[in-house]
Amino acid sequence: MANVNSIFDKIRTEIRTVTETACRACIAAGTLTVENIPEIGLEVPRERGFGDFSTNIAMQMAKSAKLPPRKVAEQVVAAMVLTGTDIEKVDVAGPGFINFILNPIWLQEAVRLIREKGSDYGQLDVGKGIRVNVEFVSANPTGPLHMGNARGGALGDCIAGVLKKAGYEVTREFYINDAGNQIEKLGLSLEARYLQQLQGEDSLAFPEDAYHGEDITDHAKAYIALHGDSLLSVPSEERRRTLAAYALPINLQRIRDGLTRYGIEYDVWFSEKSLYENGDVADTLAWLKENGFTVDKDGALWLSGEMSGLEKDEVLVRANGFPTYMAADIAYHRNKLQVRKFDWAIDLWGADHHGHVARMHAGMAPFGVKKEQLEIVLFQLVRLYRNGEIARMSKRTGKAISLLDLLDEVGLDAARFFFNLKTAGSHLDFDLDLAVKQSNENPVFYVQYAHARISNILRRLREEDNVTLLPVESVDLSLLTAPEELQLMRKLADYPEEVAIAAKGLEPSRLTRYVMDVAAEFHSFYNACHVKGEAQELLQARLTLVECTRIVIRSILDLIKIGAPERM
RNA sequence: GUGCCAGUAGCUCAGUAGGAUAGAGCAAUGGACUUCUAAUCCAUCGGUCGGGCGUUCGAAUCGUCUCUGGCACGCCA
């Protein structure tokens, strides 16, 4: 799969070479006096009329050349040699942009490439040999999956997918918080509900900081149904431990099942408890202490703010002897980066944890971990809307809307699509009504409809006219000349580039928006150009383009894990 | 109080290594189905890029001040 980007790369290299050569010629001829030629940046102009690519190099050189930008541009363009390139025409425009208009043949090359690569089209190798660990959701096994988990899940899964598409070696990981304070709290909560069940609601006051969810009561009832009141006679500590040990695997299984239903498959389920059991937490703390990164204060052990560059000290071991979540988290990330030797760790956190980012980096720095190695992607929280108002409660259960409620209400496709439509950093308003609306207002259907139309063309030609797609070598792509055809081809040619940008920015939402563009170009093409019933030559050329569109749409829908229906 | 994120068309959002007339979808208005699916297409309308000052040939983008919203500042995670 050597260099699938070749078409784009080839064109870009060609333009750069032509431009740079022209600049040198100007300098040699004395028409341009500059200290050095800056790197030639190429961009795709917003307006199609401005050409296929443009560069602002003339504006950049204007100052040192002591000439107006347009003058510089004119000199450079005059010196360009275009023979033997894909460049058809060069213009100077606006304040001094140099615009390149390409011969449409390059788009035919792009189509050929898509047909050759098939479902591999868009697969890059920029991440080749780089092992990356993407950790996401990592929900506490103390209750149901919520909206934050839903967004983080879709986002994390798709970041992993995009990185894979860019050639990285990706591991999807879930960190199980099966140790520490929240498990204590789970035990405490279960005990209280357990006692209330057996001894009456008023037998004790439910602890303020315990989990109030109804699932806690359900666990207590279920335990009593199985084991009766056997825990009444044992010490409180044992009672809590037993109840927590009972509920934990059940909750964990529910999380696994819920995420499976959501389309997420993890490679690794990593237990926090294991870090305590194998001594990693203790080792980490001992090392920090020995190397002077900690201070003792008020009976607790703190990470020194002074040594780590933080504004204040942070507790690592409480006065009661229990390490904090942060201590375990440092040990965990050491495990990722140093024991398991991932080159890159990506964590997805809800934005309410942003305060923890600097602390984590500070906690890892003593171990030689650089900031770039541990990348935290923060995503803003979700607001659900129903009937134009903020919706907090599930229609069915009357309780807070969980991930499973969402899947029941809007389905998998809509959920994953909408969570991947906006950038992670933007607050997301999720319109529950829109997500289920079977109309043009709903962008999910827009894309799926394009795929269904394509499937329909292919099927009807096969079934009714006994026509199948010929190998690309025997198709005359030069027949594709309509504006709608060329624009669609151009859009499809962008795909590898889009993958690269999405991977670099860890923004899979870019691909979601891109696939909407592809669908739009296809729908325009569909309305302007017929396939079925056209003369053989043209029919095959268009059919090839349709097939290429199918490949790209399918590729992205698969990545986001949204259904690609054959009929709608 | 300090810090982080956000503020772009009526609504939801793109656009930040500074670039051309700031884009898209939805909504609104007007058109297109005897022709591969009209869940579609075509056209029109719609903007003090929260506000001020500054840097620059050029600012939604950079700096600074300010307003508004969300979040975080724990021996919670």
Side-chain angles (χ1 to χ4, degrees), chain A residues 39 41 43 45-47 49-50 54 56 59-60 62-63 68-69 93-97 99 138 140 142 177 180-182 184-185 209 272 297-302 311-326 328-329 349-358 378-381 383 385 388 418 421-431 434 437-450 452-461 464-465 484 509-510 513 516-517 519-520 522-534 539 542-543 546 567-568:
Chain A
E39 193 183 336
E43 61 177 47
R46 279 202 194 100
E47 292 280 326
F50 290 141
S54 76
N56 64 350
M59 280 116 91
Q60 289 182 350
K63 202 162 201 172
F97 286 99
N99 293 334
S138 298
N140 278 341
T142 53
N177 299 123
N181 215 37
Q182 66 276 19
E184 300 291 322
K185 227 159 97 175
D209 58 343
E272 177 185 1
K297 194 169 61 179
D298 306 328
L301 182 72
W302 306 65
E311 284 180 13
K312 55 191 175 71
D313 301 336
E314 297 291 338
V315 176
L316 292 172
V317 182
R318 303 185 188 95
N320 66 10
F322 288 106
T324 59
Y325 177 86
M326 183 180 170
D329 221 11
W349 295 353
D352 53 338
H353 288 76
H354 71 78
H356 193 50
V357 176
L378 295 173
F379 55 91
Q380 295 294 328
L381 300 181
R383 266 189 314 199
Y385 280 82
F418 280 101
L421 192 53
K422 316 280 168 76
T423 55
S426 77
H427 296 266
L428 195 156
D429 291 329
F430 194 114
D431 188 333
L434 176 61
K437 210 174 270 185
Q438 308 231 339
S439 79
N440 60 340
E441 290 170 60
N442 190 338
V444 186
F445 294 108
Y446 186 82
V447 176
Q448 291 185 319
Y449 187 51
R453 273 182 153 176
I454 290 169
S455 303
N456 197 52
I457 293 173
L458 295 166
R459 183 177 54 243
R460 287 196 57 182
L461 279 173
E464 295 169 19
D465 302 342
E484 291 83 2
S509 65
R510 208 185 154 93
R513 289 189 296 272
M516 288 175 71
D517 281 351
F522 174 76
H523 285 310
S524 292
F525 160 81
Y526 184 92
N527 274 273
C529 306
H530 264 259
V531 182
K532 198 171 185 291
E534 294 293 338
L539 184 150
R542 286 184 174 164
L543 193 54
V546 168
R567 298 169 195 266
M568 283 175 79

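The sequence lines fix the lettering, A, B, ..., with proteins before strands; numbering per chain opens at 1.
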Using only side-chain N and O atoms of [X], determine if any of them is under 4.0 Å from OP1 or OP2 of [N].
{"X": "Y446(A)", "N": "A24(B)", "answer": "no"}
{"X": "S524(A)", "N": "C42(B)", "answer": "yes"}
{"X": "R318(A)", "N": "C76(B)", "answer": "yes"}
{"X": "S509(A)", "N": "A14(B)", "answer": "no"}
{"X": "Y449(A)", "N": "A39(B)", "answer": "yes"}
{"X": "R510(A)", "N": "G15(B)", "answer": "no"}

Length of the CE-P vector between M59(A) and C57(B), whole Å: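 Taking atom P of C57(B) as the reference, CE of M59(A) is at 13 Å.
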
Can you tell me how far P of C76(B) sits from CG of D209(A), to the nearest Å?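 Taking CG of D209(A) and P of C76(B), I get 10 Å after rounding.
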
Using both distances under 3.5 Å as the test, list the Watson-Crick or G-U wobble partner of [N], or none.
{"N": "C71(B)", "result": "G3(B)"}
{"N": "A43(B)", "result": "U29(B)"}
{"N": "U35(B)", "result": "none"}
{"N": "A17(B)", "result": "none"}
{"N": "U48(B)", "result": "none"}
{"N": "C53(B)", "result": "G63(B)"}

ring centroid sep under 5.5 Å plus plane angle under 30, H354(A) with C71(B): no

Test: K312(A) and E314(A) ion pair at under 4.0 Å: yes

Side chain of [X] - closest among [options]:
{"X": "S54(A)", "options": "A20(B), G3(B), G15(B)", "answer": "A20(B)"}
{"X": "Q380(A)", "options": "C5(B), C73(B), C71(B)", "answer": "C5(B)"}
{"X": "F445(A)", "options": "G15(B), A39(B), C75(B)", "answer": "A39(B)"}

Parallel, tilted or perpendicular, judged at 30° and 60°: which one describes the rings of H356(A) and Y325(A)?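 If you compare the ring of H356(A) with that of Y325(A), the planes turn out tilted.
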
If we ignore hydrogens and angles and just use 3.5 Å, is the side chain of H523(A) paired with the main-chain N or O of Y449(A) as donor and acceptor?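 No: the side chain of H523(A) does not pair with the backbone of Y449(A).
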
Distance criterion of 3.5 Å, no angle test: do you see the side chain of H523(A) paired donor-to-acceptor with the base of C41(B)? no

Do the non-hydrogen side-chain atoms of T142(A) and K185(A) ever get within less than 4.5 Å of each other? no

Pick base, sugar-phosphate or nothing for A528(A), based on heavy-atom distances below 4.0 Å to the nucleic acid. nothing

If I pick the P atom on A9(B) and the same atom on C65(B), what distance separates them, to the nearest angstrom? 26 Å

Interatomic distance at P, G31(B) relative to U8(B), whole Å: 34 Å

